[in-house]
Amino acid sequence: MKFGTKVIHAGIKSDPSTGAVMTPIFQTSTYEQNAPGDHKGFEYARSQNPTRSVLEANLAALENGKTGICFGSGMAAMDAVVKLLKTGDEVLSCNDLYGGSYRLLTKIYEQFGISSRYIDMTDASNIDKQISSKTKLVWIETPTNPMLNLIDIKKVVSKVKSVRRNILVCVDNTFASPYLQNPLDLGADLVMHSATKYINGHSDVILGAVITKKPKLGQKLRFIQNASGAIPGPQDCFLTLRGIKTLHLRVDRSCKNAKQIAKYLAAHPKIANVYYPGFKTHPGHKIAKSQMRDFGGMVSFDLKQNTFAEAKKVLSNTKIFTLAESLGGVESLIGHPATMTHASIPKEERAKVKLTDSLIRLSVGIENVDDLIQDLEKALNKL
């Protein structure tokens, strides 16, 4: 099936008991058994839920994987991946990543003896120099959050596996969505999503997912899902399934809008830099063209007057762009990474990747693009 058909049909069948076309919400905590161990494949809702099972099968198909495992949030999904490691192991991560991911690795797992280091992976040759005997997981975001750097997944995987085959490579694919990028096809062992974002697309669910092609990895993650219990509820799974059906349409529109907004911002006299992989001048443009189907709906920019006070004037004066954390919904959002999504990263670390105090991140939605540009124009006029 092509992607636009997969989102509607892959892993989804009409309910056998009623013929319902939409997967029902199985709002139950337990299931009747005919005799001990004699059941219909469902025992207890932490372990299995029919609504969740359909969502997991659908997500696996969208990422061209074999096993999909859903969690209560994107961070719970990442947490499950790190739980594949043990004390003394190391995570090698890209140096521009979501603040919550940095916080999980540094504030939670370092106290249990799982260390982490952060390097520039936009140059894949850095991998050879930085992998140590302790490295067991390489964590990639691409495009990165919030600087929209591009990492060549295929090259990084090749470098990692040439050092040691058993090092896992996981790609956080949240910014791209399965519609724009499929890391498993580029050699990654695991792909992770905050399905809260583009996959659900309506800002009404918190949910995470991990997908793999490797049965043994899938079994281990399924065990962690059940043992740790960080699962999504059936209502959230239902809403995410609903959102997925328009994923390709929504992302298409966001990409088109983002392209026009990025061009508008690049020509604005009060803006210093625009970070958008669709520009030919972007250092990762060729990588984006080679591994993505389009350039995404995210745009970041910083101001010539590089202060939080100036950024606040813009952030506080949009009417259509909503000042809020998160991304990937049908509505456009505007945010300030330094004080919001990336506040948990020390300022000196943010500075290393050029995350300035005036950096503003846009999640471009599906509204009329003329209205969005006019909204930004009015806000920028406050400077």
Side-chain angles (χ1 to χ4, degrees), residues 3 6 10 56 59-69 74 77-78 80-82 84-85 89-97 101 116-145 148-194 199 208-221 277 283-296:
F3 193 90
K6 278 185 180 181
E56 289 174 335
L59 287 171
L62 297 187
E63 282 288 11
N64 300 324
K66 299 292 185 185
T67 307
I69 307 100
M78 181 180 183
V81 173
V82 182
L84 293 167
L85 310 184
D89 291 345
E90 175 190 77
V91 180
L92 193 61
S93 171
C94 54
N95 62 352
D96 178 34
L97 79 166
S101 302
S116 55
R117 287 186 294 123
Y118 304 87
I119 68 168
D120 179 6
M121 291 188 189
T122 59
D123 181 354
S125 66
N126 288 331
I127 294 290
D128 302 89
K129 306 166 191 172
Q130 296 293 337
I131 285 181
S132 74
S133 60
K134 293 181 178 181
T135 306
K136 296 297 169 57
L137 172 65
V138 172
W139 187 267
I140 299 171
E141 277 186 21
T142 183
T144 62
N145 182 4
L148 296 167
N149 294 315
L150 271 293
I151 296 169
D152 190 320
I153 298 170
K154 189 178 287 187
K155 277 189 179 179
V156 169
V157 170
S158 177
K159 294 281 186 183
V160 170
K161 299 300 182 180
S162 68
V163 176
R164 283 201 314 281
R165 300 290 304 175
N166 65 342
I167 299 175
L168 296 174
V169 178
C170 183
V171 177
D172 181 341
N173 202 27
T174 299
F175 264 32
S177 87
Y179 178 53
L180 297 184
Q181 182 171 266
N182 298 119
L184 300 182
D185 292 345
L186 299 170
D189 299 292
L190 301 156
V191 58
M192 169 264 177
H193 287 277
S194 173
I199 287 176
V210 181
I211 301 100
T212 183
K213 287 185 177 183
K214 300 184 175 182
K216 287 186 178 180
L217 268 181
Q219 290 169 10
K220 288 179 180 179
L221 286 164
H285 178 73
K286 288 183 179 178
I287 296 172
K289 281 191 74 173
S290 70
Q291 69 186 24
M292 297 175 69
R293 296 179 185 90
D294 206 334
F295 301 108

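Just so we're clear, the structure is a prediction, and the values are computed from it rather than from any experiment.
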Exercise for the section: Would you mind reporting whether Leu184 and Ile211 have side-chain heavy atoms less than 4.5 Å apart? Expected result: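 Yes. Closest side-chain heavy atoms under 4.5 Å.
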(Q) Taking the side chain as everything from C-beta on, heavy atoms only, tell me whether Lys155 gets closer than 4.5 Å to Ile287. (A)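 The answer is no, as the side chains (C-beta and beyond) never meet within the 4.5 Å cut-off.
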Distance from [X] atom [atom1] to [Y] atom [atom2], nearest 0.5 Å?
X      : Y      : atom1 : atom2 : result
Leu186 : Lys154 : CG    : NZ    : 6.0 Å
Leu92  : Ile167 : CG    : CD1   : 8.5 Å
Met192 : Trp139 : CE    : CH2   : 5.0 Å

Could you tell me whether a side-chain N or O of [X] sits under 3.5 Å from a main-chain N or O of [Y], the two making a donor and an acceptor?
X      : Y      : value
Asn182 : Leu62  : yes
Asp89  : Leu137 : no
Gln181 : Thr142 : yes

Quick note, salt bridge (Lys or Arg N to Asp or Glu O under 4.0 Å) partners involving residues 118-129, not counting sequence neighbours, are Asp128-Lys159
In a check of salt bridge (charged side-chain N to carboxylate O under 4.0 Å, His left out) between Asp189 and each of Arg165, Lys136, Lys161, Lys213, which one passes?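 That would be Lys161.
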Residue set satisfying ring-ring contact (aromatic ring centres under 6.0 Å, His included) with Tyr179, at least two apart, ordered chain then number -> Phe3
In Asn173, Asp172, Ile69, Leu84, the residue satisfying side-chain contact (heavy atoms from CB on, under 4.5 Å) with Leu190 is Leu84
